[in-house]
Amino acid sequence: MTTTAPAERTEPALALSVPDALRPWITEIAGVTGGDSVAHAPDTATKLVVRVHEDGRRDALVIGPRTRASYHRAGSERLASCVQLHLAPGTARPLLGVAAADLVGRAVPLGELPARTAQRLAGEAAGLEAEELIDRLPHTLGRLPVPDSRDRLLRAAVDALSMHGDRPPAQVQDVARELAVSERQLRNLFAEGVGLSPKHYARIDRVRAVLAQAPTAKWADLAATTGYYDQAHMTSDFRTLMGVPPRSFFTGRLPEARPCQAFDQL
């Protein structure tokens, strides 16, 4: 097991504002810095990652949803900067040319994806600062069709299955009924547009809520507010997705970190 200082347990990120023109496509923009040891929590998002290496090289990757935590030690090569753009649900196919389900657990060079938009963005990322690339995105993405009714349905389902403050996620069957679709149709929507089943999406979102709220909450209260049956249920889910129980994670008793650059292999 590896003992890690609290500041190194999760990937530090600086949230940046998302321009209104990008909101149909991008839900979050964050600048990320690494540490000597980094824990990457499970994540429902597909992300476009623009990196600048210390020698000035630039590249862009697409990182698919991560179903379980991964732990890394920084390699010999460090990044000068790294910006992550979280893609909105339902945008993988029009932006990248593949379903979100095809990206789960993968890190793929942006230029290797089939959509023309992906290849155009890869070319721009190679020659522009991250801020310049973000400024150009409204023009590049403005050529794509706006999200349709199917995308709006998916995003409504994602919202219902997400944590909002103290409101736990709804049950999958209730969401399907509210949106007048079958559970099978809902699963198909999620596979295409998110890459995960609705239940797995909600499970990851709840564990991320535990990660965010645990430093200031009692375990039993946290289990109740995040929608678990009890504290034992929360501990079991956390252990499955994070590799260790909550108490071990928050005291730095983590799985052995892998010696690789965190964004190259997930």
Side-chain angles (χ1 to χ4, degrees), residues 1-4 6 8-13 27-28 30 32 34-49 61-75 82 84 86-87 89 92 98-108 158 161-163 168-169 172 187 190-215 219 222-223 226-229 231-266:
M1 304 290 268
T2 302
T3 301
T4 312
E8 295 175 338
R9 280 204 300 268
T10 53
E11 48 213 293
T27 62
E28 181 181 336
V32 179
D36 291 335
S37 184
V38 180
H40 293 284
D43 199 337
T44 61
T46 295
K47 292 175 280 191
L48 169 59
V49 179
L61 301 173
V62 171
I63 296 181
R66 185 169 43 242
T67 58
R68 282 178 170 75
S70 59
Y71 298 85
H72 302 271
R73 292 195 302 273
C82 178
Q84 296 183 357
H86 294 224
L87 304 186
V98 296
D102 294 332
L103 297 168
V104 173
R106 299 177 62 198
V108 183
V158 165
L161 290 168
S162 300
M163 288 287 305
V172 173
R187 286 194 300 271
F190 266 75
E192 171 72 19
V194 177
L196 307 167
S197 72
K199 288 183 179 179
H200 204 158
Y201 173 90
R203 193 180 186 195
I204 290 174
D205 195 67
R206 283 198 297 186
V207 163
R208 291 181 69 88
V210 172
L211 287 168
Q213 298 177 33
W219 295 121
L222 185 55
T226 49
Y228 290 102
Y229 299 124
Q231 185 176 334
H233 181 206
M234 179 186 74
T235 298
S236 175
D237 230 24
F238 192 99
R239 184 200 297 269
T240 298
L241 296 185
M242 294 299 298
V244 290
R247 200 175 300 278
S248 294
F249 182 85
F250 286 101
T251 55
R253 292 174 290 162
L254 307 180
E256 185 68 27
R258 292 189 295 167
C260 65
Q261 181 141 356
F263 286 124
D264 284 339
Q265 298 178 25
L266 297 179

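Note that this is a predicted model, so its numbers are computed, not measured.
Every residue meeting the side-chain contact (heavy atoms from CB on, under 4.5 Å) condition with A99, not counting sequence neighbours, appears here in chain and number order: R93, D102, E192. Listed by chain and number, the residues in a side chain to side chain donor-acceptor pair (under 3.5 Å) with D43 are K47 (sequence neighbours excluded). Not counting sequence neighbours, A101 has no partner by the side-chain contact (heavy atoms from CB on, under 4.5 Å) test. With sequence neighbours left out, the side-chain contact (heavy atoms from CB on, under 4.5 Å) criterion links P42 to A69, I204, L241, M242. Not counting sequence neighbours, the partners of P169 by the side-chain contact (heavy atoms from CB on, under 4.5 Å) test are M163, A202, R206.
Residues Y201 and S162 are in side-chain contact: their nearest non-hydrogen atoms beyond the backbone lie under 4.5 Å apart. Between L222 and Y228 there is no side-chain heavy-atom pair separated by less than 4.5 Å.
Distance alone, capped at 3.5 Å, places no donor-acceptor pair between the S236 side chain and the A232 backbone. Under the 3.5 Å distance criterion, the side-chain polar atoms of R187 are left unmatched by any main-chain donor or acceptor of P198.
In this structure, the separation between OG1 on T27 and CG on L87 is 7.5 Å, given to the nearest 0.5 Å. Remark: T226 OG1 to M234 CE distance equals 6.5 Å, nearest 0.5 Å. Residue T44 holds its OG1 atom at 9.0 Å from NE2 of H86, rounded to the nearest 0.5 Å. Of the inter-residue distances, the one linking T67 atom OG1 with L196 atom CG reads 7.5 Å to the nearest 0.5 angstrom.
For the residue pair A100 and P65, the shortest heavy atom distance occurs at O-CD, 4.3 Å. Taking both residues in full, the closest heavy atoms of A107 and I63 are given as CB-CG1, 4.2 Å, listed atom of the first, atom of the second, then distance. Across R208 and A41, no two heavy atoms sit closer than the pair NH1-CB, 3.8 Å.
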| task | Decide yes or no on side chain to side chain contact (heavy atoms under 4.5 Å, CB included) for T235 and W219, but give the supporting numbers first. | result | CA-CA 9 Å; T235 298; W219 295 121; over 6 Å; no

| Run the side chain to side chain contact (heavy atoms under 4.5 Å, CB included) check on L161 and K199 step by step: do they pass? | CA-CA 8 Å; L161 290 168; K199 288 183 179 179; over 6 Å; no

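The salt bridge (Lys or Arg N to Asp or Glu O under 4.0 Å) pairs that include a residue from residues 234-248 are R203-D237, where partners are two or more places apart or lie in different chains.
The aromatic rings of F238 and F250 sit tilted relative to each other, their planes meeting at an angle between 30° and 60°.
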